[in-house]
Amino acid sequence: MSNKELVGRRGLMLALSSPSGAGKTTLSRKLLESDPQITMSVSATTRKPRPGEVEGRDYYFVSTEDFGLMRNRGEFLESAKVFDNYYGTPRAPVENALSLGHDVLFDIDWQGVQQLDEVAHEDLVKVFVLPPSVQDLERRLNVRAQDSAEVVAARMAKASDEISHYQEYDYIIINDDVERAFGELHSILQAERLRRRRLTGLSDFVKRLRDTL
Ligand SMILES: Nc1nc2c(ncn2[C@@H]2O[C@H](COP(=O)(O)OP(=O)(O)O)[C@@H](O)[C@H]2O)c(=O)[nH]1
Ligand SMILES: Nc1ncnc2c1ncn2[C@@H]1O[C@H](COP(=O)(O)OP(=O)(O)O)[C@@H](O)[C@H]1O
């Protein structure tokens with residue numbers, strides 16, 4: 001029997017950041033496929049959908065006016081302007097998941113993670129993914145073949161700035177071998193789930209144990 005059945009648990013927020021191309025999306029997908037207790041936070045954005053993007057799965061696509069109304073009503077846990085568009089993390093789905101003991105995965109940049117840290121420090125686990133080398137990073141951006149040479153060059157230029165924030169994170173994963181990196185990510189999640197402060201009803205459980213001694 002697991003902890004979960006004997007003692008309740010508050011969910012946690014797992015923020016995964018990396019320079020583009022280091023493997024954050026690959027690791028996130030593997031985690032979501034293998035672990036039913038964690039779901040992805042879907043952000044709202046004013047950016048236009050790209051071909052293949054699905055409303056409610058990739059983003060909630062909203063107008064700039066609606067985004068402003070939602071922000072004024074306090075519906076976002078955090079929000080930011082990235083390039084020319086606004087992005088925000090809807091508050092209600094995260095709060096519901098956490099109170100039900102489900103975990104939430106965030107794919108937001110370091111600025112978003114800093115904001116989450118200010119409002120939800122106790123619930124937040126911050127993981128930063130590094131590439132094994134600059135050559136690997138560039139190769140992966142090219143292999144992915146989603147972006148033009150200019151976009152790859154721009155992402156490489158941004159990488160140094162992104163990486164400079166590694167000290168703000170709790171855990172560092174060097175994504176050399178993807179299976180090993182995934183094993184490390186899953187271990188972090190499993191250990192963080194066992195943190196005493198997340199276990200609800202623990203004192204009652206221990207009292208019952210002691211009462212029967
Ligand atoms: N702060 C914050 N950043 C977000 C949110 N959603 C996405 N982002 C970031 O916005 C940036 C642009 O995302 P996107 O438009 O999907 O483009 P791409 O990830 O660069 O291909 C990325 O760095 C995301 O991590 C959010 O809800 N809050
Ligand atoms: N450990 C790894 N070794 C080799 N290739 C990898 C590894 N991890 C990810 N990749 C590949 O590198 C590319 C970029 O990975 P992706 O997960 O899209 O990065 P990010 O979301 O960080 O931008 C993808 O083509 C992916 O299949």
Side-chain angles (χ1 to χ4, degrees), residues 1-18 20-45 49-50 52-61 75-78 87-109 112-113 115-117 119-130 144 169-206 208:
M1 196 177 286
S2 73
N3 249 348
K4 190 169 183 279
E5 288 136 22
L6 295 171
V7 189
R9 179 174 76 82
R10 178 167 168 79
L12 58 81
M13 296 161 63
L14 183 65
L16 203 56
S17 301
S18 77
S20 185
K24 184 181 53 174
T25 308
T26 306
L27 293 172
S28 300
R29 285 207 185 117
K30 286 174 85 72
L31 195 61
L32 293 166
E33 277 164 19
S34 69
D35 194 314
Q37 275 185 65
I38 189 161
T39 52
M40 189 86 201
S41 166
V42 180
S43 298
T45 182
R50 295 181 185 141
E53 283 186 328
V54 176
E55 162 76 17
R57 185 193 70 186
D58 299 292
Y59 281 105
Y60 296 105
F61 296 98
E75 291 178 21
F76 295 129
L77 266 179
E78 63 79 41
Y87 295 83
T89 301
R91 179 189 296 277
V94 176
E95 289 183 348
N96 289 339
L98 298 187
S99 62
L100 290 169
H102 297 149
D103 307 311
V104 187
L105 181 64
F106 294 84
D107 172 356
I108 58 179
D109 67 351
V113 175
Q115 289 186 62
L116 287 184
D117 215 0
V119 294
H121 181 75
E122 293 282 287
D123 292 323
L124 186 63
V125 179
K126 297 169 285 180
V127 179
F128 199 82
V129 182
L130 287 171
R144 191 166 64 181
Y169 288 75
D170 303 311
Y171 297 94
I172 303 295
I173 294 177
I174 299 178
N175 181 17
D176 189 352
D177 176 75
V178 72
E179 290 306 326
R180 205 199 55 217
F182 174 66
E184 290 171 354
L185 180 61
H186 211 210
S187 301
I188 292 166
L189 179 59
Q190 298 289 25
E192 284 287 343
R193 283 173 170 163
L194 301 178
R195 274 205 191 266
R196 190 180 65 232
R197 68 165 184 269
R198 303 195 207 287
L199 303 180
T200 51
L202 181 61
S203 60
D204 284 345
F205 176 74
V206 173
R208 281 199 302 277

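One-based numbering along the sequence shown. Just so it is clear, the structure is predicted and the values come from calculations on it, not from any experiment.
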Between R195 and E192, is there a salt bridge with N-O shorter than 4.0 Å? yes
If I compare all heavy atoms of I173 with all of I188, which pair ends up nearest, and what's the gap? CD1-CD1, 3.9 Å
Can you spot which of R10, R198, R197 makes a side chain to side chain donor-acceptor pair (under 3.5 Å) with D123? R10
Say you draw a straight line from CG of L12 to CG of L98; how long is it, rounded to the nearest 0.5 Å? 8.0 Å
Is it true that atom CG of L202 has more than 12 heavy atoms of other residues, nucleotides or ligands lying nearer than 6.0 Å? yes
Exam field: side chain N175 to backbone A22, donor-acceptor pair closer than 3.5 Å: yes
Rounded distance (nearest 0.5 Å) linking atom CD of E78 with atom CD1 of I108: 4.5 Å
Go through the structure and list residues passing ring-ring contact (aromatic ring centres under 6.0 Å, His included) with F182, not counting sequence neighbours. H186
Does the side chain of L194 come within less than 4.5 Å of L199's, by heavy atoms? no
Would a 4.5 Å heavy-atom cut-off, applied to side chains only, mark V206 and V7 as touching? no
Side-chain contact, heavy-atom cut-off 4.5 Å: L77 with M13? yes
Close side-chain approach of H102 to T39, heavy-atom, < 4.5 Å: no
Which is it for Y60 and T45 under the side chain to side chain contact (heavy atoms under 4.5 Å, CB included) test, yes or no, and what are the steps along the way? CA-CA 6 Å; Y60 296 105; T45 182; over 6 Å; no
Within the structure provided, determine whether M40 and R57 are in side-chain contact (heavy-atom separation under 4.5 Å). no
Can you check whether L16 reaches L14 side chain to side chain, under 4.5 Å on heavy atoms? no
Least distance between heavy atoms, L185 atom then L31 atom: CD2-CD2, 3.9 Å
Scanning both residues in full, the closest heavy-atom pair of V42 with P90 reads O-CD, 3.2 Å
Could you grab the distance from atom CG of D107 to atom OG of S17, nearest 0.5 Å is fine? 8.0 Å
Nearest heavy-atom pair of R144 and S20: which atoms, and what distance? NH2-OG, 3.5 Å
Using 4.0 Å as the upper bound for N to carboxylate O, is an ion pair formed by D35 and R193? yes
Are R9 and D103 close enough, and set up right, to give a side chain to side chain contact (heavy atoms under 4.5 Å, CB included), and what steps lead you there? CA-CA 10 Å; R9 179 174 76 82; D103 307 311; 2.9 Å; yes
For the backbone of V113 and the side chain of D117, can you confirm whether one donor and one acceptor N or O come within less than 3.5 Å of each other? no
Interatomic distance, L105 atom CG to K24 atom NZ [nearest 0.5 angstrom]: 10.0 Å
Short side-chain to backbone donor-acceptor contact, T200 and G8, under 3.5 Å: yes
Exercise: identify the closest heavy-atom pair between A44 and F76: CB-CE2, 3.8 Å
Set of side-chain hydrogen bond (donor to acceptor under 3.5 Å, both in side chains) partners for E55, sequence neighbours left out: none
If the threshold is 4.0 Å, N to carboxylate O, is there a salt bridge linking E95 and R91? yes
